[in-house]
Every structure is written in C-alpha cells, then in structure tokens.
Protein chains: 2
Amino acid sequence: MTDPTAAWAALMRVHATLVPALDRELQRTHGLPLTWYDVLAELDEAPHRRLTMGDLGDVAMVSRSRVSRVVDELVDAGLVTKESNPADGRSAYAVVTTQGRRRLRQARPSYLAAVERGFTANLSIREAETVARALGKVLAAGGPDD
Amino acid sequence: MTDPTAAWAALMRVHATLVPALDRELQRTHGLPLTWYDVLAELDEAPHRRLTMGDLGDVAMVSRSRVSRVVDELVDAGLVTKESNPADGRSAYAVVTTQGRRRLRQARPSYLAAVERGFTANLSIREAETVARALGKVLAAGGPDD
DNA sequence: TGTCTCTGTGTGCGTCAGCACGCACCCGGG
DNA sequence: CCCGGGTGCGTGCTGACGCACACAGAGACA
C-alpha cells in the first residue's frame, strides 16, 4: 500500500491488460486498429480537421516516423487524404475524409463502451477525476524530466 | 474535465511517454531492457525465487510466448537458470541466479529514481494512494470484462 | 544569387511483439 | 495397457515499431 511505486506498477498492468483488449474490440467490431482510431480521433478534433505529420506524431501515441506509414494506410483505406501546405513545401497535412469521420463516429461508441466496461466502471466519479487530474499533472511535467 | 475517458486517455499518454524513458534509462545505466527487469523482479519476489513459464507469462507484462525467448536471453546472460519440475515433465521453472539478483539490486535504485522523477514526484501522497487504489480496483475487476 | 543551416518528411533496416501451431507430457476411461 | 483429450512449453512466421539516415524545401545572410 505504502509502496511508492504501487501506483506506477498498477498503471503499467492496467495498460498491459486493457490496450490489447481495446485493440481487439475495435478491430473485431469495426476493422479499425487502435492506432488508426487514435490518429483519426486526433485529426478529427484538430482545428481544421487536419494536422501536419510532425504535429500528429507529437500528439498521437505513435512515433513521428510511424505516422507516415499509418497515414499512408489510412489514405489507401480512403479515410484520410494528404494535402500539401501552400505556405511550406516540405510540410504535408493529413486531413480526415468524410468517410473517415463516418468510420470514427461508428466506432466511437464501441470504444467508449469498452473503456467504460474495462476501466471507468470500476472507479467512482471522484476517483476518476482524481486519476485524470493527477496523471494530467504528470503529463504537464513530463516534458523536461526524462 | 468531465470527459469520462479523460482518465483513460491520460493513462495511455503517461504510459507512452514514461515507458520508453524508463527503458532507455535502465538500458543506458545497467544494460537491462525493461522486459528483463520486469521478469527478474517478478521472479525475485516469487515464493522460491522461481516461477513456471506459464505463471511468469501471466504475472509479467509480456505474453506467454514471449517469455520463452526472454528467459532464454536471460539464461544466456547468466541471470536466470531453468530447472525442470520433477512432478511434471512438461513444466519448466525459471530461477533467478545470484548474479541475476545482484544485477537487479544494482538496477533497482535507478528504476525507482526514474519512476520518482517522472511520475511520483508530480503527485501528492494522497493522489498517489488514490491512483494506486483506483487502478488496483480496475485490475481486480479486469479478469472477466475483456 | 549562392550557400549554409535548420526543419519537416519519408524510408531501409534491425528489433521486438504476439499468434498459430506442433511437440512432449500428464491424466482419466475403457 | 492404451489411447484420447487437455496442458505446458518452444518456435516459425508475420506484422508493428522506432532509429538512423537521406532528401527537399525554407530562411538567414553576405
């Protein structure tokens, strides 16, 4: 209980058990790998539903280099298009297509339900808020430490 | 703030940023991949400092099949030995060697310090306890849900 | 304009992960 | 005795991942 790393250990275990379950769920019900869902969700809530590859790599949970490949796959699937940035010839925007948004809207309930079943349902409101706030602080400080 | 998945999203992000940092730290300071550390730690605190491959796969954060390869690597490195179970010819025990325990003892401070810097230091005592307890409940219920 | 540096991307390559499968072994019924 | 099903384990194969690098464009400066 008083083990200072208990919280961290529990976090790793929760992640290890829940992420594969979520991935399977999404893939089974909607044919969407968790990575795709994550990228689509990030793009969907971005200013003009678009993000440069670099920004996408920063905000999503995949490395900068992996973003190129995932976006390529999404383009092949018709869920995303790539547009060039007229102001910067190097930069490339990834933009969600209407089909991509539709797939995202269809998949979101499953995702939320799975998170609810495997995570939120086991927490009280206060606990969920505390966890979110605490981990938010970790993230805010997470930049320089490592 | 009231987003019910905020806690989960934060958890995934914390994991995504902290785990690679931890792995690098361990590998740089002691030449131990995080997977090795995890397996060694689990074995070290097991009843007779030994665990069958299956149990190890359940308790550690690697899949059952991956355990075989990791343990083989640890055996090659002299940190673990494999003993046969006289009561069951199929079963095989992985046992930490004294050298393995020494490496673990040497690495543990670095690991704890890294967790402290990147995680615990940003939380109050009460927050850390709440997070640990809340995630513990998730784990306890984690069996049947997925 | 020419050049030097910095930044945003894409990609070849090695590593690491898990799944599906096969083998060896235990155990119970006929 | 044996033989069928269940279990623990190792391994071939395939996909996911990130690092290091190469390349193109942008911007500063003379």
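First the proteins, then the strands, lettered A, B, ... as listed; each starts at 1. Basis for what follows: all heavy atoms, side chains included, without hydrogens, waters or symmetry-related copies.
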Quiz item: Which residue, B:Arg64 or A:Gly89, contacts DNA chain D at a nucleotide closer to its 5' end, judged by nearest heavy atom?
Solution: B:Arg64
Quiz item: Want to settle it: does A:Pro86 or A:Met61 sit nearer the 5' end of DNA chain D, counting the closest nucleotide to each?
Solution: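 Counting from the 5' end, the first nearest nucleotide belongs to A:Met61.
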Just the rounded figure in Å: distance from [atom2] of [N] to [atom1] of [X].
| X | N | atom1 | atom2 | value |
| --- | --- | --- | --- | --- |
| A:Leu34 | C:dG18 | CG | C1' | 16 Å |
| A:Leu51 | C:dG8 | CG | C1' | 14 Å |
| A:Asp23 | D:dG15 | CG | C1' | 12 Å |
| A:Trp36 | D:dA16 | CH2 | P | 9 Å |
| B:Arg50 | D:dG8 | CZ | C1' | 17 Å |
| A:Asp58 | D:dG18 | CG | C1' | 15 Å |
| B:Glu73 | C:dT15 | CD | P | 11 Å |
| B:Met53 | D:dG8 | CE | P | 13 Å |

Quiz prompt | Listed partners of B:Arg50 passing side-chain contact (heavy atoms from CB on, under 4.5 Å), at least two apart | solution = B:His48, B:Glu83, B:Tyr93, B:Val95
Quiz item: After noting the C-alpha distance and the side-chain angles of A:Thr5 and B:Phe119, does the key distance pass the side chain to side chain contact (heavy atoms under 4.5 Å, CB included) rule?
Solution: CA-CA 9 Å; A:Thr5 66; B:Phe119 188 73; over 6 Å; no
Indicate whether OP1 or OP2 belonging to [N] is found under 4.0 Å from a side-chain N or O atom of [X].
| X | N | answer |
| --- | --- | --- |
| A:Ser68 | C:dG8 | no |
| B:Lys82 | D:dG8 | no |
| A:Ser63 | D:dC19 | no |
| B:Ser91 | D:dC9 | yes |

Exercise. Kindly say whether B:Arg103 contributes a backbone atom to a donor-acceptor pair with the side chain of B:His30 at under 3.5 angstrom?
Key: no
Quiz item: Would you call A:Glu127 and B:Arg126 a salt bridge, taking side-chain N to carboxylate O under 4.0 Å as the test?
Solution: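 No, this pair does not count.
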Quiz item: Can you find a donor-acceptor pair, distance only, under 3.5 Å between A:Arg90 side chain and C:dT9 base?
Solution: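 A donor-acceptor contact between them is absent.
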Quiz item: Between the side-chain atoms of A:Arg69 and the base atoms of D:dG15, is any donor-acceptor pair under 3.5 Å?
Solution: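 By the distance-only test, no, there is no pair.
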Exercise. Among the candidates D:dC9, C:dT7, C:dG18, find the nucleotide nearest to the side-chain atoms of B:Ser65.
Key: C:dG18
Exercise. Assess whether salt bridge (charged side-chain N to carboxylate O under 4.0 Å, His left out) is satisfied between A:Arg64 and A:Asp58, documenting all intermediate values.
Key: CA-CA 7 Å; A:Arg64 271 185 177 79; A:Asp58 288 343; 2.7 Å; yes
